[in-house]
Protein chains: 2
Amino acid sequence: MLKLSKLTDYAAVIMAQIARDPEQAHTATELAGQVNLPHPTVGKTLKMLARSGLLESRRGSHGGYVLSRSPAEITASDIIAAIEGPIGMTECSHADGECDLLDTCGVADNWQRVSQAVRTLLECVTLAHLAQSSPLKLPVQLPIQSVTLPSSIGAVREH
Amino acid sequence: MLKLSKLTDYAAVIMAQIARDPEQAHTATELAGQVNLPHPTVGKTLKMLARSGLLESRRGSHGGYVLSRSPAEITASDIIAAIEGPIGMTECSHADGECDLLDTCGVADNWQRVSQAVRTLLECVTLAHLAQSSPLKLPVQLPIQSVTLPSSIGAVREH
DNA sequence: CCATATAGGACCATTTTAGTCCTCTTTACA
DNA sequence: TGTAAAGAGGACTAAAATGGTCCTATATGG
């Protein structure tokens with residue numbers, strides 16, 4: 001399914017909620033109410049977002065969370081990475097994890113390119129985009145740095 | 001992580017293996033050897049691929065699997081969908097599954113656009129691309145049908 | 001009829017994920 | 001200076017997804 005985890009999903013919703021009122025600090029309790037999720041879960045999500053630097057937290061009474069950057073400077077990729085770790089479609093997408101099939105694999109290079117393209121795509125989507133509830137329709141060409149095309153085998157399919 | 005499941009990964013490797021010798025029928029046993037994975041697992045993967053129409057199977061002795069279409073006509077999206085089901089980053093990406101947060105969510109529309117973009121990207125990558133072991137470097141602009149840009153809030157980030 | 005294949009599904013072990021809870025620390029303010 | 005409100009961090013459990021194996025049935029060629 002190539003699905004985001006629920007927590008990541010929550011994170012996006014919560015971040016969007018905060019982005020719509022970026023001046024004030026928001027408490028977990030308050031956000032839980034607005035977003036209709038249990039308080040402990042929202043709390044956990046907020047902590048993860050704060051730990052990876054997307055939110056700044058203030059403790060104590062009158063505490064809460066604020067965005068650490070403007071909504072246009074926080075990307076979907078940032079949010080996903082905050083909850084799920086580095087984005088990559090295969091085990092071998094990030095340098096360190098050695099895959100024991102590497103020699104017989106034969107598709108690793110190209111999967112990595114695809115991964116990179118997905119990453120780039122997600123870096124182009126900002127929290128500002130996500131938070132906007134009724135978006136204008138302005139199709140744009142996104143700067144995907146593409147998969148390589150082996151001229152000998154196939155052509156890009158048309159759509 | 002936005003990761004493919006292991007089975008999907010295997011599927012890609014296996015499909016690529018078949019694509020490199022598309023004339024002959026390949027048995028599970030043979031492929032398991034080439035790809036260095038246990039036979040039952042390879043068998044299971046092949047069955048799934050056959051059931052969703054990417055492979056054609058011949059039973060009995062001298063049986064095995066062949067591609068049902070040319071490598072240029074089988075996409076990464078097809079392979080992923082064969083193992084994991086329809087591609088979508090959120091629960092609400094496919095029409096039927098109703099999400100109980102829809103009213104308080106506020107990001108559903110835009111996630112669906114992002115999902116669509118990822119899907120389009122994966123439809124542009126063919127098995128021919130994946131199977132190619134040492135690909136040429138030909139950057140192309142992929143026809144991603146883009147996320148909408150709310151003019152009032154943010155601009156696309158530069159990369 | 002027998003050896004070789006796939007089809008289909010049951011089954012279990014392991015891992016991942018979701019969700020809760022507890023204790024500690026920080027802060028504002030009466 | 002005490003107290004209430006907030007977050008930090010981590011332990012823990014239950015549930016779900018995943019990976020992997022195996023068994024029986026069916027098809028096919030020789």
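Chain letters run A, B, ... following the sequence lines, proteins first, then strands; residues in each count from 1.
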Does D:dA6 have OP1 or OP2 under 4.0 Å away from a side-chain N or O of A:Ser57?
no
Using side chain to side chain contact (heavy atoms under 4.5 Å, CB included), reason through A:Asn110 and A:Val114 one step at a time and then give a plain yes or no.
CA-CA 6 Å; A:Asn110 288 312; A:Val114 176; 5.6 Å; no
Take atom CG of B:Asn36 and atom P of D:dG20, then tell me their distance rounded to the nearest Å.
13 Å
Whole-Å distance separating the CG atom of B:Leu46 from the P atom of D:dG19:
16 Å
Length of the CD-P vector between A:Gln24 and D:dA6, whole Å:
13 Å
Closest to the A:Arg51 side chain: D:dG10, C:dA5, D:dG20?
D:dG10
Examine C:dT26: is either OP1 or OP2 under 4.0 Å from a nitrogen or oxygen in the side chain of A:Ser61? Give yes or no.
no
To the nearest Å, how far apart are B:Glu91 CD and D:dA17 P?
9 Å
Round to a whole Å and report the spacing from NZ of B:Lys6 to P of D:dA17.
19 Å
Between the side chains of B:Glu91 and A:Lys6, is the shortest nitrogen-to-carboxylate-oxygen separation below 4.0 Å, so that they form an ion pair?
no
Spacing between A:Met48 atom CE and D:dG7 atom P, to the nearest angstrom
17 Å
Could you please name the option among D:dA6, C:dT20, D:dT18 that lies closest to any side-chain atom of A:Thr41?
C:dT20
Nearest to the A:Pro40 side chain among D:dG7, D:dG20, C:dT20, which nucleotide is it?
C:dT20
A:His62, nearest nucleotide to its side chain (from C:dC29, D:dG20, D:dG7)
C:dC29
Give a yes or no answer on whether the side chain of A:Thr126 reaches the backbone of A:Glu73 with a donor-acceptor pair at less than 3.5 Å.
no
N/O (side chain, A:Arg58) to phosphate O (OP1/OP2, C:dT26) under 4.0 Å
no
Between P of D:dG20 and CG of B:Leu37, the distance in whole Å
8 Å
Does the side chain of A:Tyr10 come within less than 4.5 Å of A:Leu7's, by heavy atoms?
yes
Closest-nucleotide 5' rank along DNA chain C - winner of A:His39 and A:Gly60:
A:His39
State whether B:Tyr65 places a side-chain N or O below 4.0 Å from either non-bridging phosphate oxygen (OP1 or OP2) of C:dA7.
yes
Touch check for A:Gly64, heavy atoms < 4.0 angstrom, all strands: base, sugar-phosphate only, or nothing?
sugar-phosphate
So, OP1 or OP2 of C:dA18: does either fall under 4.0 Å of a side-chain N or O from A:Ser5?
yes
Does A:Arg59 place a side-chain N or O at less than 4.0 Å from the phosphate oxygens OP1/OP2 of D:dA5?
no
Exercise: do A:Arg113 and A:Gln116 side chains pair donor with acceptor under 3.5 Å
no
Would you say the side-chain atoms of B:Asp9 pair up with the backbone N or O of A:Thr90, donor to acceptor, closer than 3.5 Å?
no
Mind calculating the distance between NZ (A:Lys44) and C1' (C:dC22) to the nearest angstrom?
14 Å
If only side-chain N and O atoms of B:Tyr10 are considered, is one of them under 4.0 Å from the OP1 or OP2 phosphate oxygen of D:dG19?
no
